[in-house]
Structures are given as structure tokens and as C-alpha cells.
Amino acid sequence: QVQLVESGGGLVQPGGSLRLSCAASGSIFSINVMGWYRQAPGKQRELVATIPSSGNTNYADSVKGRFTISRDDAKNTVYLQMNKLKPEDTALYYCVADIAVFGRGVSQNYWGQGTQVTVSS
């Protein structure tokens, strides 16, 4: 069993920065792709960024150049550094990770509970 716990959300002014963290715990054998999604009220869920075990990153066009995804495999943690935040970045952010657990060779997706990011003056 695996649990992902997110932290770092909050209220920030436009142009500000936040750093989100998502730590996975449990009987983790390996973590493959990790990523961040966001969903604003009345809008469709959006994939923000992904980072596979290779370290190659992918970003939505809307955040490219402003957000940075990274991971610390020793801590089973994925981060999202968000800079130059805009009001349109306001959303519930949650992480997802493709994880294989001990005793099973097939990985599956696990989701965090979400953390709220509000960008407002």
C-alpha cells in the first residue's frame, strides 16, 4: 500500500513563488513516472508536468519557463517549484506517481490528496 502526501500550497500574490512537495510512503519498490496535475473550479483537469526516472521533464505550455518539476528518489518525493505565478494558476494541485510495490512486479498509479494554490492580490 502506498500513500502520497502533498504540501506547500497556499495563498500567494501574482509574481510570487511556491514550492509544492509530494512524498510517497509505503512498501515502495520503485517509482517510475511522477507528475503534477491541477484543476481549477469549472475547468478540466490539466497535466502540469511530468518527470520519469530518467529525469527528462515535460511541461504544459501554460507553465513552461515558470515551473520546474524535480524528484528526490532517496526521499520518494516529487517537487514542483512554481515561479512568476499568475491568477490563472489558481487550482487544486495534486501529484500522481506510477509506483511498483514490494511483492508485485506491476506498477500502478497513486494519487495525492491535493493541495490548494491560490494566486490573488
Side-chain angles (χ1 to χ4, degrees):
Q1 193 68 267
V2 172
Q3 184 176 12
L4 271 60
V5 179
E6 293 140 311
S7 62
L11 175 64
V12 64
Q13 292 186 338
S17 298
L18 284 174
R19 181 177 170 88
L20 306 183
S21 300
C22 176
S25 61
S27 300
I28 298 172
F29 177 74
S30 65
I31 302 178
N32 303 311
V33 175
M34 307 181 79
W36 290 91
Y37 283 82
R38 68 184 182 185
Q39 188 168 26
K43 299 189 67 177
Q44 195 171 0
R45 184 185 67 180
E46 177 187 21
L47 179 61
V48 177
T50 61
I51 180 168
S53 57
S54 66
N56 295 328
T57 58
N58 294 277
Y59 299 93
D61 289 340
S62 58
V63 307
K64 201 170 298 182
R66 300 186 298 118
F67 290 11
T68 302
I69 187 172
S70 61
R71 59 191 285 169
D72 186 340
D73 290 336
K75 298 180 178 179
N76 291 331
T77 300
V78 61
Y79 305 94
L80 186 67
Q81 178 66 48
M82 305 184 296
N83 300 323
K84 301 177 181 178
L85 283 162
K86 305 174 181 179
E88 48 263 47
D89 294 319
T90 296
L92 180 66
Y93 286 72
Y94 49 98
C95 64
V96 63
D98 184 45
I99 297 175
V101 300
F102 287 107
R104 298 210 312 257
V106 179
S107 63
Q108 66 181 61
N109 287 335
Y110 294 86
W111 293 83
Q113 81 285 356
T115 184
Q116 179 66 39
V117 172
T118 302
V119 184
S120 176
S121 59

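Residue numbers count from 1 along this sequence.
Around atom NZ of Lys75, no more than 12 heavy atoms belonging to other residues, nucleotides or ligands sit under 6.0 Å away.
Tracing side-chain contacts under 4.5 Å through hydrophobic residues (I, L, V, M, F, W, Y), one never reaches Val63 starting from Leu92; they form parts of separate clusters. A single hydrophobic cluster is seen to contain both Val78 and Leu18, as judged by linkage of ILVMFWY side chains at heavy-atom distances under 4.5 Å, directly or through other members. The hydrophobic cluster containing Val48 does not contain Tyr94, counting ILVMFWY residues as joined when their side-chain heavy atoms lie under 4.5 angstrom apart, directly or transitively. Note: the hydrophobic cluster containing Val12 also contains Met82 (ILVMFWY, side chain heavy atoms under 4.5 Å, direct or indirect links). Ile51 and Val2 fall within the same hydrophobic cluster, where Ile, Leu, Val, Met, Phe, Trp and Tyr residues are linked whenever their side-chain heavy atoms come under 4.5 Å apart, directly or through other members.
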field: Test log, rule side chain to side chain contact (heavy atoms under 4.5 Å, CB included), inputs Thr68 and Tyr59
entry: CA-CA 8 Å; Thr68 302; Tyr59 299 93; 3.8 Å; yes
Pair Thr77-Cys22, side chain to side chain contact (heavy atoms under 4.5 Å, CB included): steps then yes or no: CA-CA 5 Å; Thr77 300; Cys22 176; 5.6 Å; no
task: Test ring-ring contact (aromatic ring centres under 6.0 Å, His included) on Trp111 and Tyr37 and set out the steps.
output: CA-CA 10 Å; Trp111 293 83; Tyr37 283 82; 5.2 Å; yes
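Within the model, atoms CD1 of Ile69 and SG of Cys95 stand 9.5 Å from one another, a figure rounded to the nearest 0.5 Å. The structure places OG of Ser30 at 8.5 Å from CZ of Phe102, a figure rounded to the nearest 0.5 Å. Taken to the nearest 0.5 Å, the OG atom of Ser21 stands 12.0 Å off from the CG atom of Leu4. Note that OG of Ser25 and CG of Asn76 are 8.5 Å apart. Values are rounded to the nearest 0.5 Å. In this structure, OH on Tyr110 lies 6.0 Å from CD on Gln1, to the nearest 0.5 angstrom. Of the inter-residue distances, the one linking Gln3 atom CD with Ile99 atom CD1 reads 11.0 Å to the nearest 0.5 angstrom.
Partners of Ser70 by side chain to side chain contact (heavy atoms under 4.5 Å, CB included), not counting sequence neighbours, listed by chain and number: Tyr79.
Counting only residues at least two apart or in different chains, salt bridge (charged side-chain N to carboxylate O under 4.0 Å, His left out) contacts with residues 87-99 comprise Arg38-Asp89, Arg66-Asp89. The list of disulfide bond (SG atoms under 2.5 Å apart) pairs with a residue in residues 23-55, not counting sequence neighbours, is empty.
Side-chain atoms of Thr90 come within 3.5 Å of backbone N or O of Val119 as a donor-acceptor pair.
Nearest heavy atoms, Ser121 versus Pro14: N-CD, 3.7 Å. When every heavy atom of Ser53 is checked against every heavy atom of Arg71, the shortest pair comes out as N-NH1, 3.3 Å. When all heavy atoms of Gly112 and Glu6 are compared, the pair lying nearest together is C-OE1, 3.1 Å.
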